[in-house]
Amino acid sequence: MQIGTEDNMDLGGLPQDFKGIWWIRWGDLQPIPLYSSMYSEVLVSMAGMRITGNSSSSLAYPVAASAPARRAGHWAYSNTLIGRIAMISIAKKDIDVPMNFEFRNDTNMFIEGGGDTPWTMDKIDDDQWLRTIMVNGEPSVQYTFTRVVMADGTAHPEYFPALARQMQGTEIRVFNSDTGICRACGASFFGTCSHCSSECSGP
């Protein structure tokens, strides 16, 4: 995966720090059946995150930003059945559609895409944010967005071991191409390395 660093991210001096690699960390409650236990989505990199606009020239809140979350090396799934299905569902989607955010203050942000069920994140500490999906104005689904790899590539001393224990040997799968046909082939249940290399290279 790509690691978010000072060199590939630019939040224009805002205090929020999303460098490194982050874990989609569910608690004991799993409101979406099989989503967490089957490791549908596991890790996220915010590499490439940039400010895209704000309410004034002085970067007063709210501040808009985006990250190329669909591009290769930015989102990690697993080798479980559910993880494979998740990858197949996203494989041919437009990679140029970014994940858009609105920083509302130092500790709260809004994530676009939820429609009638708004997505928000609230800072817990330097390495954790509470991700909430609101339904009818009330928190419905929550997980902790947790840093497991630091910007310098080292493992977080507390949360990386917790991730390893949680995964119990389940392998991580990440798109390594931005080409739709390659992504679809690699995500399929029958996509061997030799077959996908042939598919990607063309006739």
Side-chain angles (χ1 to χ4, degrees), residues 1-25 41-77 86-87 90-115 117-134 142-160 162-163 172-180 182-183:
M1 289 188 73
Q2 290 194 39
I3 298 175
T5 68
E6 198 76 39
D7 293 334
N8 62 29
M9 303 175 70
D10 182 9
L11 291 182
L14 290 178
Q16 293 85 351
D17 176 10
F18 286 101
K19 295 187 290 293
I21 295 176
W22 296 74
W23 174 20
I24 299 173
R25 185 182 190 184
E41 299 173 296
V42 183
L43 302 172
V44 178
S45 168
M46 292 294 189
M49 193 179 207
R50 297 280 189 275
I51 288 176
T52 57
N54 56 282
S55 60
S56 75
S57 59
S58 60
L59 282 182
Y61 292 114
V63 177
S66 68
R70 290 185 181 177
R71 287 194 168 271
H74 281 75
W75 213 276
Y77 305 82
M87 293 189 80
I90 196 74
K92 289 190 175 181
K93 289 189 176 181
D94 187 351
I95 62 166
D96 291 322
V97 175
M99 178 177 285
N100 295 313
F101 309 89
E102 182 182 82
F103 293 105
R104 292 175 167 173
N105 55 47
D106 288 358
T107 60
N108 174 265
M109 60 192 291
F110 173 80
I111 307 171
E112 291 185 9
T117 56
W119 303 341
T120 63
M121 290 215 300
D122 293 280
K123 185 175 181 179
I124 299 171
D125 56 36
D126 287 346
D127 298 314
Q128 298 183 102
W129 288 71
L130 182 64
R131 166 81 152 76
T132 302
I133 298 176
M134 306 292 289
Q142 292 182 319
Y143 64 76
T144 306
F145 199 57
T146 305
R147 192 189 333 251
V148 291
V149 176
M150 312 303 287
D152 63 2
T154 59
H156 190 287
E158 178 179 356
Y159 299 125
F160 188 87
L163 168 65
I172 295 292
R173 291 179 59 86
V174 183
F175 287 117
N176 63 4
S177 171
D178 285 332
T179 304
C182 298
R183 291 159 68 97

Q. Rounded to the nearest 0.5 Å, what separation is found between the CZ atom of Phe103 and the CG atom of Leu11?
A. 5.0 Å
Q | Rounded distance (nearest 0.5 Å) linking atom CG of Leu163 with atom CD1 of Ile24 | A | 11.0 Å
Q. What closest approach, in Å, do Ser177 and Ala72 show between heavy atoms, and which atom pair accounts for it?
A. N-CB, 3.6 Å
Q) Are Asp126 and Asp17 side-chain neighbours, meaning at least one heavy-atom pair lies under 4.5 Å? A) no
Q. Between Phe101 and Ser66, what is the shortest heavy-atom contact and its length?
A. CD1-CA, 4.1 Å
Q. Got a donor-acceptor contact below 3.5 angstrom from the Thr146 side chain to the Thr144 backbone?
A. yes
Q: Report yes if some heavy atom in the side chain of Val174 is under 4.5 Å from a heavy atom in the side chain of Leu43; otherwise report no.
A: no
Q: Indicate yes or no: at least one non-hydrogen side-chain atom of Met109 is less than 4.5 angstrom from one of Gln16.
A: no
Q: Apply the test side-chain contact (heavy atoms from CB on, under 4.5 Å) to residues Arg183 and Lys92: give CA-CA distance (whole Å), side-chain angles for both, the deciding distance (0.1 Å), then the verdict.
A: CA-CA 7 Å; Arg183 291 159 68 97; Lys92 289 190 175 181; over 6 Å; no
Q | Check: Asn8 side chain, Ile3 main-chain N or O, donor-acceptor pair, under 3.5 Å | A | yes
Q.
I need the minimum non-hydrogen distance between Ser45 and Gly20, along with the two atoms involved.
A. OG-O, 4.2 Å
Q) Just checking, is any N or O donor in the side chain of Asp7 or Thr5 under 3.5 Å from an acceptor N or O on the other one? A) no
Q: For Met1 and Val44, work out which heavy atoms get closest and say how close.
A: CE-C, 4.0 Å
Q: Might you point out which heavy atoms bring His74 and Ala69 nearest each other, and give the distance in Å?
A: CB-O, 3.4 Å
(Q) Can you tell me how far apart CG (Asn108) and CE (Met121) are? Round to the nearest 0.5 Å. (A) 9.5 Å
**Q.** Euclidean distance, Met134 CE relative to Gln142 CD, rounded to 0.5 Å
**A.** 8.5 Å
Q: Could you go through the side-chain contact (heavy atoms from CB on, under 4.5 Å) check for Arg104 and Tyr61 one step at a time?
A: CA-CA 5 Å; Arg104 292 175 167 173; Tyr61 292 114; 5.8 Å; no
Q: Describe, in one word, how the ring planes of Trp22 and Phe145 are oriented to each other, choosing from parallel (under 30°), tilted (30 to 60°) and perpendicular (over 60°).
A: parallel
**Q.** Closest contact, heavy atoms only, Leu14 versus Ile51
**A.** CD1-CD1, 4.1 Å
**Q.** Salt bridge flag under 4.0 Å for residues Arg71 and Asp96
**A.** yes
Q: Go through the steps to decide whether Lys123 and Asp106 satisfy the test side-chain contact (heavy atoms from CB on, under 4.5 Å), and finish with yes or no.
A: CA-CA 8 Å; Lys123 185 175 181 179; Asp106 288 358; over 6 Å; no
Q: For Asp10, look at atom CG and say whether over 12 heavy atoms of other residues, nucleotides or ligands are found less than 6.0 Å away.
A: yes
Q: With rounding to the nearest 0.5 Å, note down the distance linking CG in Asp122 to CG in Asn105.
A: 8.0 Å
**Q.** Any side-chain heavy-atom pair of Tyr77 and Phe175 under 4.5 Å
**A.** yes
Q. Are the side chains of Trp119 and Met99 in touch, meaning some heavy atoms are under 4.5 Å apart?
A. no
Q.
For a side-chain contact (heavy atoms from CB on, under 4.5 Å) check, start with the C-alpha distance between Glu102 and Glu112, then their side-chain angles and the critical distance, and finish with the verdict.
A. CA-CA 8 Å; Glu102 182 182 82; Glu112 291 185 9; over 6 Å; no
Q.
Working to the nearest 0.5 angstrom, can you tell me the gap between Ile111 CD1 and Arg131 CZ?
A. 4.5 Å
